[in-house]
Amino acid sequence: MAFFLYFCICMMSLDEFLAEWNNGSDRLLVHTSGSTGAPKPLWVEKRRMEASARMTCDFLSLREGDRALLCLPLDYIAGKMMVVRSLVRRLELISVEPSGHPLKDSLLYDNLSFAAMVPLQVWNSLQVPEERERLMGIRHLIIGGGPIDDALAEALKDFPNAVWSTYGMTETLSHVALRRLNGSGRSEWYTPFEGVEVAVNEEGCLVIDAPHVCDGTLTTNDIAELQTRGGKTVFRILGRRDNVICSGGIKIQVEEVERLLARHLDAEFVITKRSDEKFGECVVMLTEGDVEECRRICSERLPKHWQPRHYLHVDSIPKTETGKPSRILAERMASAQ
């Protein structure tokens, strides 16, 4: 799995968040995750957080008295919104210290209706039989904070209860769309919540119109494809605009390269770029594994124009505090060589 634990940095307690929520101000300070740049502060309206909470609860048919698990840090929007959902829908909130194994305590997890986790927490839980059983018992499990790779999706596809991948960001106050990862509804396509409209601009980037949670339209850096199903516009994400490498006139989507390689490489790696005198930009792989093995697999599995021109061994792939690959630091490392 391509995510490191970040939970040890958690500073805010549940009591501190509730005090901030009830302090009489109509706004709350949150911070973006910093996956493509430095984290930045963002003041958001509490009424919009409540609107976001209602959209999630309505989509998942959560009712008063349902049990919800808080196992994410309250320093970021995902953890904060779990509390707000519980307040808005009067859920029974069970709070545990954020860790890589949120389901380790057997006394807390009977009849859980709802939980939100990052991919690493889910993956870790699948490795321990008792925790896997508890994970399977959650009526609605939502997973966000990073991409869900093929191995994790495969491990979840036959779960008896609903497992969802989320789409959203701090600016949309957590997610505005979900897609099923298991059962007959399994899909690559995200379904937006009621009141959320999506489109793509001339560059192919997803544009979100969610007036209940943010002012105006929000143009993302995510390259998206749209479809209409049952009168509803759904979408899937192909990659990020700022993760496109233009090499010799050919546009290469970083995420597509990583997806093709992920099932064949055991060691941590990330695809990035550096300037190139001949091609303008070229593909670079940073890897914690054996460079020659990576070179061999890339030559066998990738189209020739996608293959890295440079392979760099690193002790540790750079990550953000929330466990995502730090694209900006990876590019700096590649350019410094």
Side-chain angles (χ1 to χ4, degrees), residues 1-4 32-40 119 145-151 169 188 200-207 219-225 236-337:
M1 295 296 293
F3 305 99
F4 287 174
T32 60
S33 64
S35 57
T36 58
K40 60 182 180 182
I148 296 169
D149 65 21
D150 292 342
M169 58 207 73
E188 295 181 348
V200 293
N201 66 11
E202 63 278 3
E203 295 178 299
C205 292
L206 187 71
V207 180
T219 300
T220 74
N221 281 322
D222 292 319
I223 305 295
E225 180 181 353
R236 65 174 177 172
I237 300 300
L238 305 179
R240 288 183 64 87
R241 183 183 63 177
D242 42 7
N243 292 340
V244 173
I245 301 172
C246 296
S247 183
I250 297 173
K251 292 186 176 181
I252 304 166
Q253 191 71 52
V254 164
E255 292 90 344
E256 289 296 316
V257 180
E258 291 175 343
R259 274 194 286 269
L260 280 176
L261 293 175
R263 67 192 70 180
H264 305 291
L265 290 172
D266 294 327
E268 292 268 355
F269 75 96
V270 68
I271 297 295
T272 185
K273 64 184 178 182
R274 69 162 63 156
S275 297
D276 185 89
E277 184 175 313
K278 179 179 180 180
F279 294 99
E281 294 177 336
C282 66
V283 181
V284 180
M285 173 185 279
L286 305 184
T287 177
E288 296 177 11
D290 180 74
V291 164
E292 291 308 313
E293 176 68 5
C294 291
R295 193 189 307 274
R296 180 186 66 79
I297 290 174
C298 287
S299 67
E300 293 175 354
R301 300 294 177 177
L302 295 179
K304 185 173 179 59
H305 56 277
W306 286 16
Q307 293 175 20
R309 290 180 60 81
H310 304 280
Y311 297 81
L312 301 177
H313 177 82
V314 295
D315 293 332
S316 180
I317 298 297
K319 299 294 178 74
T320 69
E321 289 181 345
T322 54
K324 300 177 185 178
S326 176
R327 300 289 183 185
I328 191 167
L329 290 180
E331 186 175 339
R332 286 175 184 171
M333 292 171 71
S335 298
Q337 297 296 317

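Position 1 is the first residue of the sequence, and the numbers go up from there. The model shown is predicted, which means the values in this text are computed figures rather than measured ones.
Ion pairing between E258 and R327 holds under the 4.0 Å rule for side-chain N and carboxylate O.
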- prompt: Should C205 and D222 be marked as a side-chain contact (heavy atoms from CB on, under 4.5 Å) after you check the CA-CA gap, both sets of side-chain angles, and the distance that decides it?
  reply: CA-CA 5 Å; C205 292; D222 292 319; over 6 Å; no

field: Derivation and outcome, side-chain contact (heavy atoms from CB on, under 4.5 Å), residues D276 and R309
entry: CA-CA 10 Å; D276 185 89; R309 290 180 60 81; 3.8 Å; yes

query: Hey, mind stepping through V283 and Q307 against side-chain contact (heavy atoms from CB on, under 4.5 Å) and telling me if it holds?
result: CA-CA 7 Å; V283 181; Q307 293 175 20; over 6 Å; no

I271/M285 under side-chain contact (heavy atoms from CB on, under 4.5 Å): CA gap, chis, key distance, verdict: CA-CA 5 Å; I271 297 295; M285 173 185 279; 4.0 Å; yes

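Atom CG in L206 sits 10.5 Å away from atom CG in L238 (nearest 0.5 Å). Taking CZ from R241 and OG1 from T220, the interatomic distance works out to 8.5 Å, rounded to the nearest 0.5 Å. Note that CD of Q253 is 9.0 Å distant from CH2 of W306, once rounded to the nearest 0.5 Å. Between the NZ atom in K273 and the CD1 atom in I245 there is a gap of 6.5 Å [rounded to 0.5 Å].
The backbone N or O of E203 sits less than 3.5 Å from a side-chain atom of N201, completing a donor-acceptor pair. Under the 3.5 Å distance criterion, the side-chain polar atoms of T287 are left unmatched by any main-chain donor or acceptor of V291. Using a distance-only test at 3.5 Å, with no hydrogens or angles considered, no donor-acceptor pair links the side chain of E331 to the main chain of T272. Distance alone, capped at 3.5 Å, places no donor-acceptor pair between the S335 side chain and the R332 backbone. Between the side chain of E255 and the backbone N or O of R240, at least one donor-acceptor pair lies under 3.5 Å. Between the side chain of H313 and the backbone N or O of G289, at least one donor-acceptor pair lies under 3.5 Å. The backbone N or O of R236 lies less than 3.5 Å from no partner atom in the side chain of E225, so there is not a single donor-acceptor pair.
Heavy atoms only, all atoms of each residue included: K251 and V244 are closest at CB-CG1, 3.9 Å. The minimum heavy-atom distance between D290 and E293, with the atom names listed, is OD2-N, 2.8 Å. The shortest heavy-atom contact between L286 and A330 is CD1-O, 3.7 Å. The two residues F269 and L261 have their closest heavy-atom pair at CZ-CB, 3.8 Å.
The closest side-chain heavy-atom distance from M333 to L312 is not below 4.5 Å. When side chains are defined from C-beta on, K319 does not count as touching S326, because their heavy atoms never get closer than 4.5 Å. Two residues are said to be in side-chain contact when any heavy atoms from C-beta on lie closer than 4.5 Å; C282 and H310 meet this criterion.
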